[in-house]
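Working notes, beginning with the structure itself.
Keep in mind that what you see is a predicted model, and the values were worked out from it rather than measured.
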Amino acid sequence: PAIRTALTECADDVERMRKAFAKRAELIYGIVSKMPSVKVAKPTGAFYVFPDISAYFGKKSAGGRDVTDAKSFCEALLDEGKVALVAGDEFGGCGPRCVRISFACSEEQIEKGMGRLGEFLAGMR
């Protein structure tokens, strides 16, 4: 019954949500694609981006942490920048070079979190 109701009576709500996520996708892609040494594909149907941050492997964070892989990148970013990302290791393929960033949140949260990510990247040495 719930599925039938969603499919037959909620088209306006679904379209509103689709537009909101499309706008968030454009927002996060626009921000992340301008970050130095980060490669990212435009999201086309999910609520996350999967940028390659491997250019930062072998560097140190501003707080002095060694960044050797996606996991250590995420740990340092969480501790120092208070932003939680998921290391791409479990996603196969190019995953070990990438992080997963969800945009299933408000535009304000996207801007704030990506601002912190940008600051973290700027502090890498």
Side-chain angles (χ1 to χ4, degrees):
I3 293 173
R4 184 177 319 148
T5 300
L7 293 173
T8 61
E9 298 177 25
C10 298
D12 290 343
D13 291 328
V14 170
E15 181 60 13
R16 181 181 48 77
M17 290 171 58
R18 187 197 65 75
K19 285 180 178 178
F21 275 95
K23 188 174 179 184
R24 292 173 190 163
E26 287 293 327
L27 174 63
I28 199 164
Y29 175 75
I31 295 169
V32 175
S33 66
K34 292 177 183 147
M35 292 181 174
S37 302
V38 174
K39 298 178 222 164
V40 64
K42 193 169 190 175
T44 59
F47 55 89
Y48 58 88
V49 290
F50 201 61
D52 181 332
I53 46 84
S54 61
Y56 293 93
F57 297 173
K59 297 188 177 198
K60 285 192 181 289
S61 69
R65 295 184 64 154
D66 289 321
V67 173
T68 58
D69 55 19
K71 183 178 178 190
S72 60
F73 181 95
C74 290
E75 289 170 349
L77 177 60
L78 181 60
D79 288 346
E80 296 176 27
K82 306 303 182 217
V83 176
L85 306 182
V86 177
D89 299 73
E90 300 300 320
F91 298 100
C94 65
R97 297 188 310 268
C98 300
V99 292
R100 184 175 175 179
I101 307 173
S102 172
F103 55 86
C105 55
S106 71
E107 292 173 36
E108 180 183 346
Q109 289 170 313
I110 291 168
E111 290 171 347
K112 186 175 182 180
M114 294 306 92
R116 289 180 180 178
L117 174 58
E119 290 171 8
F120 177 78
L121 294 178
M124 297 286 289
R125 303 286 175 245

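- Separation of atoms CD1 (Ile110) and CG (Leu117) is listed at 13.0 Å; rounding is to 0.5 Å.
- Tyr48 forms part of no hydrophobic cluster, judged by ILVMFWY side-chain heavy-atom separations under 4.5 Å.
- Pairs of residues two or more places apart, or lying in two chains, that qualify as salt bridge (Lys or Arg N to Asp or Glu O under 4.0 Å) and include a residue from residues 5-18 are Asp13-Arg16, Glu15-Arg18.
- Taking OG from Ser72 and NZ from Lys59, the interatomic distance works out to 13.5 Å, rounded to the nearest 0.5 Å.
- Between Ala46 and Phe103, the closest heavy-atom pair is O-CZ, 3.2 Å.
- Between the Arg24 side chain and the Cys105 main chain, a donor and an acceptor come within less than 3.5 Å of each other.
- In this structure, SG in Cys74 is found 9.0 Å from CG in Asp69, a value given to the nearest 0.5 Å.
- A search for salt bridge (Lys or Arg N to Asp or Glu O under 4.0 Å) contacts involving Arg125 returns nothing, not counting sequence neighbours.
- Ring geometry, Phe73 versus Phe120: the interplanar angle exceeds 60°, so the pair is classed perpendicular (tilted spans 30 to 60°).
- Under a 4.5 Å side-chain heavy-atom cut-off, the cluster of Ile, Leu, Val, Met, Phe, Trp and Tyr residues that includes Val86 is completed by Phe50, Phe91.
- Put simply, CG on Leu27 and CE on Met114 are 9.5 Å apart, with the number rounded to the nearest 0.5 Å.
- Here the closest heavy-atom approach between residue Asp52 and residue Cys98 is recorded as CA-SG, 3.7 Å.
- Residues forming a salt bridge (Lys or Arg N to Asp or Glu O under 4.0 Å) with Glu108 (at least two apart in sequence, or on another chain): none.
- Nearest heavy-atom pair across Lys82 and Asp79 is NZ-O, 2.8 Å.
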List the atom pairs, donor and acceptor, that lie under 3.5 Å between side-chain atoms in residues 29-45 and the rest of the protein, sequence neighbours left out.
residue, atom, partner, partner atom, Å
Ser33, OG, Tyr29, O, 2.8
Ser33, OG, Gly30, O, 3.4
Lys42, NZ, Glu26, OE2, 3.1

CA sep, side-chain torsions, deciding dist, call: Lys23, Lys19, side-chain contact (heavy atoms from CB on, under 4.5 Å):
CA-CA 6 Å; Lys23 188 174 179 184; Lys19 285 180 178 178; over 6 Å; no
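- Taken to the nearest 0.5 Å, the CD atom of Glu75 stands 11.5 Å off from the OG atom of Ser61.
- Side-chain contact of Thr68 with Asp66: a donor-acceptor pair under 3.5 Å is absent, judged by distance alone.
- Of the inter-residue distances, the one linking Glu90 atom CD with Arg100 atom CZ reads 12.0 Å to the nearest 0.5 angstrom.
- The nearest pair of heavy atoms linking Arg116 to Val83 is CB-CG2, 3.5 Å.
- Hydrophobic cluster membership is shared by Ile28 and Phe47, with clusters built from Ile, Leu, Val, Met, Phe, Trp and Tyr side chains linked at under 4.5 angstrom.
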